[in-house]
Amino acid sequence: MKGTKIVLGVGGGIAAYKAVMLARELGRRGAELRVLLTPSATRFIGAPTFGGITGRAAITDLWDPGYPGEVHVELSEWADAMVIAPATANLMARVCAGMADDVVLATLSCMNGPRLLAPAMHERMWLSPATQRNAERLQKDGMQLVGPVRGPLASGESGWGRLAGAETIADAVEQAIATARAPEQARPLTGRHVVISAGPTQEDIDPVRFISNHSSGRMGFALARVAVARGARVSLVAGPTRIAPPEGAELHSVRSARDMQSAIESLVGDCHILIMSAAVADYRPAEIAEQKLKKADKGAEMRIELVKNPDILAGLGAARKGALPVLIGFAMETHDVLNYARGKLRSKGADLIVANEAAVGFGRDDTQVTLVSEENDEVLPPGSKLEAAARILDCAAERLEAAEASTTKS
Ligand code: CTP
């Protein structure tokens, strides 16, 4: 994000302290920041806190002496994008009403570039009809909402209303700026249907236990975000994740490998590019116990019989025959990465395998992958998952064009 200028507005909620993490994440990506606090945000966090991170204390009033002109006008002209995190229910309502009586709202009302709001509040506030109505209104008015996500809330309860993670919000800002800068003709996937699987699957053992893996869904969500930005119609088939799915993708939430398979199979009819980035469980318990398994019945050892799950990618690869022009898989390996990736390219009938090493870690925002195809291995430099997603979709678009050109010829 080097060279990008962002205004971060902070609303008055308990999640205000997390705005510091967001400021740090945006700064780490190279963005230049100005931070604005609403009067109630100052009750949760101090203006000088942001000084240590951005080099300037946060601005808290419309008459800031550091700005000879009008702060809100100057900053809205200076910024490439504005993001408000956390956006409280009250702040959302005030934005809906067009109010501009503090420095955050006044600047937002002046912004021409992308405007993003990351809501955070108690679940009942989020689900209240007024807030839901306001959320819809804000989107109709051209603002993008990032989250909220489900998880532990300040009240000690768990539910919808938690602020999306700093990386998720930063991804959304980065993508919104890239989209705003890209002219209309730079949307090469317009009219294309891209199906992306993401995250882990969960295979039930009994009503309270399951087998799963560490996949966070970040890579698949980054792919979906870039594909949406490039104009594609995106179907995102996602296993359970803790991060917010990108705006603009059609979300199909699934749990088990078999759920994922039927969701994908129902979507591939008119699909141009399918990317299997999900970490699908290879095995599932042969039987799902109807009641919770009790250790008193099992003794010192317990065995669970597992049966193989369908290999979704291999199944699609074998059956494609002209349909499904571009098929891309992933390979996460602990050793011998490229050899295994080449093996999967053939055994699964894919056009491209995105190979990565498990040692890079899970749930991270950065990655290092190699794109393995019959023609060559392209080693991508270490970078963000959004950057990797952009290159993967470049390759997918090139392959789609080539596939269509050869169909036209024959
Ligand atoms: N995949 C799939 N269905 C499965 C298992 C994997 O569609 N049941 C897909 C994944 O989404 C990924 C690719 O196949 O795109 C490779 O997955 P990976 O887990 O690396 O390989 P496996 O085939 O499961 O082989 P192994 O676990 O032995 O490495």
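Counting convention: from 1, in listed order, for ligands and their atoms alike. Numbers here simply count residues along the sequence, with the first being 1. Side chains included, hydrogens not; waters and symmetry mates left out as well; all remaining heavy atoms used.
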| query | Between Asp377 (side chain) and Val372 (backbone), is there a donor-acceptor pair under 3.5 Å? | reply | no

| request: Consider only side-chain N and O atoms of Glu250 and His252, and report whether a donor and an acceptor are under 3.5 Å apart. | output: yes

| field | Pairwise ring pair (Phe, Tyr, Trp, His ring centres under 6.0 Å) hits with a residue in residues 340-359, at least two apart | value | His335-Tyr340

| field | Within the 4.0 Å heavy-atom sphere of ligand 1, strictly under, residues | value | Met276, Ala278, Val280, Asp282, Pro310, Asp311, Ile312, Leu313, Gly329, Phe330, Ala331, Met332, Lys344, Lys348

| Between Thr201 and Glu203, does any side-chain donor sit less than 3.5 Å from a side-chain acceptor? | yes

| message | Check this for me, if you would: do Asp311 and Lys344 make a salt bridge, where the nitrogen-to-carboxylate-oxygen distance has to be below 4.0 angstrom? | response | no

| query | Cut-off 3.5 Å, side chains only: do Asp259 and Ser256 have a donor facing an acceptor? | reply | yes

